[in-house]
Amino acid sequence: TKNNIDFDIQVLTSGCWPTYNCDIIQLPPSITSYLEYYNKFYVRINSGRKLKWTSSLSHCIVAANFPKGRKELVLSAFQA
């Protein structure tokens with residue numbers, strides 16, 4: 001299998017959003033490596049700021065091949 005991952009991050013100011021539960025989600029290593037890389041990048045260019053990952057708002061699109069054709073499934077992080 002190929003590891004094709006398109007990764008998109010949206011950084012939002014916490015003061016403009018309500019608080020969300022920070023449920024712990026066991027993410028796959030391929031995703032956590034992207035998060036760690038982006039976190040290092042973000043902290044380097046934005047001194048004094050830190051990221052808080054809200055996985056409960058995450059989603060992914062999974063491409064799947066079925067007997068009747070290819071479909072894209074939009075899943076929450078909990079479903080994936």
After noting the C-alpha distance and the side-chain angles of E72 and V74, does the key distance pass the side-chain contact (heavy atoms from CB on, under 4.5 Å) rule? CA-CA 7 Å; E72 289 188 349; V74 179; 5.9 Å; no

Give a yes or no on whether I25 and I61 share a hydrophobic cluster (residues Ile, Leu, Val, Met, Phe, Trp, Tyr; joining criterion: side-chain heavy atoms under 4.5 Å apart). no

Take a 6.0 Å sphere around CD of Q79 and say whether it holds more than 12 heavy atoms from other residues, nucleotides or ligands. yes

Taking atom OG1 of T32 and atom CD of Q26, what is their separation to the nearest 0.5 Å? 8.5 Å

Hydrophobic cluster identity match, L75 and W53, side-chain contacts under 4.5 Å: no

Distance from Y37 atom OH to S33 atom OG, nearest 0.5 Å? 11.0 Å

Can you check whether Y38 and F41 have ring centres sitting under 6.0 Å from each other? yes

Cluster check I31, I9: I/L/V/M/F/W/Y, side chain < 4.5 angstrom: yes

If I compare all heavy atoms of F66 with all of K71, which pair ends up nearest, and what's the gap? CD1-CG, 3.7 Å

Pick from V11, L35, N46, V43: which one makes a side chain to side chain contact (heavy atoms under 4.5 Å, CB included) with L51? V11

Measure the spacing between CG of N39 and NZ of K52 and express it to the nearest 0.5 Å. 14.0 Å

